[in-house]
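Letters go in sequence order (proteins before strands), and every chain restarts at 1.
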Amino acid sequence: MKLQGNRIRGPVYVLGDNIDTDLIIPAHFLNLVPTIPDEYRKLGSHAMAGLPDSYPPFVTPGTDQAPYPIMIAGSNFGCGSSREHAPIALGAAGVQAVVAQTYARIFFRNAVATGELYPLESADRLCDVFKTGDEAEIDMAASTVRHRGTGIVYRLRDLGAVKPVIEAGGLFGYARSTGMIGGKGPAA
Amino acid sequence: MSATITEKILGKAAGRSKVDPGDNIWVEVDVLLTHDVCGPGTIGVFQREFGAKARVWNREKVVIIPDHYIYTKDEKAHRNVDTLRTFVREQGLPHFYDPGTPRYKGVCHVALPEEGHVRPGEVIFGTDSHTCTHGALGAFATGIGNTDAGFIMGTGKLLIKVPETRRFVLNKTLPKGVSAKDVILRIIGDIGVDGATYQAMEFTGDAIAAMDVEERMTICNMAIEAGGKSGIIAPDDKTLAWVKARTKQPFVPVTGDPDAAVTASHTYDASTFEPCVACPHLPSNYATARSKRDIRIDRAYIGSCTGGKLGDFMMAARILKGHTVKVPTFIVPATAQVAEGLLRETIDGRNLVEIFAEAGCEDVAPASCAACLGGPVDTIGRTSGKEVVVSTTNRNFIGRMGSKDAPIYLASPMTAAASAIAGHIADPRDYL
Ligand code: SF4
């Protein structure tokens, strides 16, 4: 995980329900291979390129980075394709956590397996509380997210069985830490 | 203790006598499927984590079927297929269906069972969400990302959560003009796009028993559109005959216990089903075809792993025969074998290629995913403007077939064909 320390702080980008993987990274960018560093960055530059033009730009135009370390959404985030390009595009653009009400299974799993971002869940419908650009602060240890404008603190759901996988930095780190596979993994 | 078919298959793959929904278990993998869009990234993960010289865990169990971006000038798409070729050569993999050679197939989810890689009772993972298709043959099959697939390549194992089962019982007989696509669109309409999240969707009952294997594949293919982890249909004599005609490999079919507990059960009277569409932009936006007659269309598209099998084209051809289409109508066979079938199968002495040509459809396209997922800008059938499309594919998300401004109505092959003739969404029973 890229997380430095215990907190993620910054402006949020807010979306509704059923944000599908074609919105997150449209298919014509799937010729990019995420394990090639230059193409990983390009995927970041196209994050959320499938959103209709009525939405504010997600990635800062002319760059490969979004100014939003946190994305907030409704239910069934990441539905659709198994393309790992989706959590990777968000992670490459600088998103560190998504806070949604619920996730589609494969997206959630890919986010955990890659360690690209934290797929967090809130019981409250935070996409109705936050507006794009509002400042939020996630406290991972306390399992909360705070609206820095109103000061209101919202609880995040317990990560449950996937917590050790996330803490190990993804599937490979977890499998190594439990002795499931050997080796130290990539030098980087 | 009794168990569902899904619990039994996963228990067997985990070497355990019993598993329960919610258990996190390591399972042994029988087949790992990948394609040109996710294969190169999977290989990248595999080599990064296990080393550049690592060998796949079992050469017989890795199946690579390029299908997404084949007929395009896009250079990266070609580079990606070359990456697969290099890997296949280095590893000596026997199951590679290389574009441009007689072995090329087309859409992986139709090719995988065609080539005998899907066997009842086995565990199949694929780097594609529609891997759930293969539950139609009584296998546990689900989609995964590149990281999980890279892990399987090295170890032959994956850590998964045993899903709950949500059962759908379809009693009685489907009416004329109604097919598997109408069944699954109605079910998704009823339970919603996240109605079966994390769950195995199990389909049973007279109407399922009456369906041929291809129609069952259409149903399981769209389990993911309700959030399902898998779709599954217990193997019967039809399944076994179909599979044995395609593989010599031994397999042990698994069935569930009739009294096994499930999380939820939905019972339908199949005789009440109607030809339908899913309106933009979600597969759950169910409406009867008749109620949407005022929707004018600009294009019809018959293809994909959902609606591009030989049986799908037979259904479409029966409607189209003797009529002329009012809008450009794309005919995209899923695989080369389906394309051969279009020349072989006849209705009243005319083969399907002739029937489509006489109805004024576009020339039959080469087998691939084509515009089902948009793809590179030069993809056959890709939308580029505000075209209203009626399509036999499985997703109608914004921009799915290319243009963000082109609304997609999902439909059965018969409804798509009837709509092409009418120039608006139409009920195929008016043309039977
Ligand atoms: S035909 Fe469409 S849904 Fe099926 S594998 Fe290809 S892109 Fe995916």
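Contact detail for B/Tyr69 and A/Leu30: the closest heavy-atom pair is OH-CB, 3.7 Å. The minimum heavy-atom distance linking B/Asn146 with A/Pro34 is given by the pair ND2-CG, 4.1 Å. Between A/Pro52 and B/Ile398 the shortest heavy-atom distance is CG-CD1, 4.0 Å. Closest approach of B/Thr147 and A/Ala113 over heavy atoms only: CG2-O, 3.5 Å.
Atom CZ of B/Phe397 and atom OG1 of A/Thr21 lie 6.5 Å apart (nearest 0.5 Å). Rounding to the nearest 0.5 Å places SG of B/Cys132 at 7.5 Å from CD1 of A/Ile106. Here B/Asp194 contributes atom CG and A/Ser75 contributes atom OG; the two are 5.5 Å apart, rounded to the nearest 0.5 Å.
Contacts between B/Ile43 and chain A at a heavy-atom distance below 4.5 Å are absent for every atom of the residue. Using a 4.5 Å cut-off between heavy atoms, A/Ile88 makes no contact with chain B at all.
Between the B/Arg400 side chain and the A/Ala27 main chain, no donor and acceptor come within less than 3.5 Å of each other.
With a 4.5 Å cut-off on side-chain heavy atoms, A/Asp22 and B/His281 do not count as touching. Put simply, the side chain of A/Ile181 reaches to within 4.5 Å of the side chain of B/Phe151, judged on heavy atoms. Between A/Arg105 and B/Ile224 there is no side-chain heavy-atom pair separated by less than 4.5 Å.
A salt bridge links B/Asp148 and A/Arg109; the closest N-O separation between the charged side-chain nitrogens and carboxylate oxygens is under 4.0 Å. Salt bridge status for B/Lys404 with A/Asp53: present, with a side-chain N to carboxylate O gap under 4.0 Å.
Highest contact tally toward chain A, considering only B/Pro40, B/Gly399, B/Gly374, is held by B/Pro40 [criterion: heavy-atom pairs under 4.5 Å].
Two rings, from A/Phe172 and B/Phe50, have their centers less than 6.0 Å apart.
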